[in-house]
There are 2 protein chains.
Amino acid sequence: MGKGEATRERILEIAEAAVLAKGFGATSIDEVIAEAGLTKSGFFYHFKDKNALAREMLRRYVATNDHLFDEIFARGRQLSDDPLQAFLISLKLLAETMADLPNGHPGCLIASICYQERLFDREVRELTAQSVRDWNARFRKILDGIAAVYPPKEPVDLDDVADMLSCIVDGAIIMSKTLNDPSRLERQILLFRSFVKLTFTPN
Amino acid sequence: MGKGEATRERILEIAEAAVLAKGFGATSIDEVIAEAGLTKSGFFYHFKDKNALAREMLRRYVATNDHLFDEIFARGRQLSDDPLQAFLISLKLLAETMADLPNGHPGCLIASICYQERLFDREVRELTAQSVRDWNARFRKILDGIAAVYPPKEPVDLDDVADMLSCIVDGAIIMSKTLNDPSRLERQILLFRSFVKLTFTPN
DNA sequence: CCAAAACTGTACTCACGGTACGGATTCTCC
DNA sequence: GGAGAATCCGTACCGTGAGTACAGTTTTGG
């Protein structure tokens, strides 16, 4: 890794924390470069403008999350051959992972960008939309595997159930931050787990 | 209503739409006053700074939502004496109401503020937290009434179930906006309804 | 009609995003 | 070890938006 790449990474890390804490619009380049220890010229050497910064932040965030999901859901399948059990295990792991974050979940970049959409260009907005679609598709695939073995009791749309996980996580992060109570996120994921259990477990 | 009050109301309405569309930080006073048809001096006559604007916007938003909830859940109780049925009816009404918004739900001010917390003073943040607590308490009370008649099958924490509704609505709004698909909000509320039905309906 | 309320106008300040560009390091590779 | 590219600094500048100050003007309601 070249020196430039290391600087880029440092900028992205600092910027992400700042954006999640106070929003993109309120995050000044001046404060980011102050913390990163470089000048304005240095910053604009790496990113042509704030939108370029947003794009790279987003790519970084999505990649990190994808990797996390890969791990968690692979581990679930590894611990049980039954697709339902594997998913329930993974959800438990997900809840634990979220709960273990020291100061609570820092926030969801997609949600943060969502409420400031006009600030970003089409490419950034398309990136957020695509990542949400990908996550939903991932969950949907898992649910398909479960429904093939355990037909759901209540007639539910599996696409909606897949969406629900993202919705709950995003919503619970907001509630955790608003009420300053990190535990809510974990509890909401476990409640979603109860829902899945209740829906697919045969009587 | 004096003329000043009417102007205040007009400013708040314009500002709310702008904030939900692009975030508080990106909403300029200049554009708000241009649309409202008054000068900067006129604006600062009504609000001493942007934080005062945020406070009043929030009060307005919370009051509107409270009123909407009052109506919807009163209507549910009115249509059925059974607490579970009443809640299920109300959730259906809520889903319909959200779906009927012409351009999709404009967004949740609490969520919008949540991701820009550092921009606001303690009073604004306390206002958001209190309104979330109030909504959760409202739902919790309804769930208590249901659980008294229909003990839940899966052992769930009623506080968490109450939280879940807010989480899902907030999360679904984000997904709706991100994917530019207003229908997701309605479907998520109906899915929560399925969850409630599944949890409390006796076999 | 008169005083208070509801504005207007002008003229500032300060912070921030962004541009421009020349120069100085520092790294990399031959 | 030298050359060229990558990385970064310094400085000066522009436009926009938040906010202040304050004197003056219109509008409203009793």
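The chains referred to below are lettered A, B, ... by the order of the sequence lines, with proteins before strands, and numbering in each begins at 1. Worth knowing before you read on, the calculation uses all heavy atoms, side chains too, and leaves out hydrogens, waters and symmetry mates.
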What's the verdict on salt bridge (Lys or Arg N to Asp or Glu O under 4.0 Å) for A:R10 and A:E35, showing C-alpha distance, side-chain angles and the deciding distance?
CA-CA 9 Å; A:R10 205 166 70 250; A:E35 202 177 331; over 6 Å; no
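- Proximity of residues 47-56 of chain B to DNA chain D (heavy atom under 4.0 angstrom from any strand atom) is restricted to B:K48, B:K50.
- Side chains of B:M175 and B:T178 form no contact here, defined as non-hydrogen atoms less than 4.5 Å apart.
- Distance, B:F44 CZ to C:dA5 C1': 19 Å, rounded to whole Å.
- A salt bridge does not link B:R187 to A:D157: none of the charged side-chain nitrogens sits closer than 4.0 Å to a carboxylate oxygen.
- Checked for salt-bridge contact, A:R59 and A:E123 meet the test: a charged N lies under 4.0 Å from a carboxylate O.
- For the pair A:R77 and A:F87, the NZ or CZ position fails the cation-pi test of under 6.0 Å to the six-membered ring centre and within 45 degrees of the ring normal.
- A:I33 has its CD1 atom 12 Å from the P atom of C:dG18, to the nearest Å.
- Between A:F24 atom CZ and C:dC16 atom C1' there is a gap of 13 Å when expressed in whole angstrom units.
- Put simply, CD1 on A:I29 is 8 Å from C1' on C:dC16, counting in whole angstrom units.
- Identified under the ring-ring contact (aromatic ring centres under 6.0 Å, His included) test for residues 5-32 of chain B, with sequence neighbours left out: B:F24-B:F120.
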Nucleic acid footprint by protein, nucleotides 2-10 of chain D - heavy-atom cut-off 4.0 Å, B for base, S for sugar-phosphate alone
----SBBBB
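- Taking the centre of each ring, B:F195 and A:F195 come in below the 6.0 Å mark.
- Looking only at distances, no side-chain donor or acceptor of A:K50 sits under 3.5 Å from a matching main-chain atom of A:I29.
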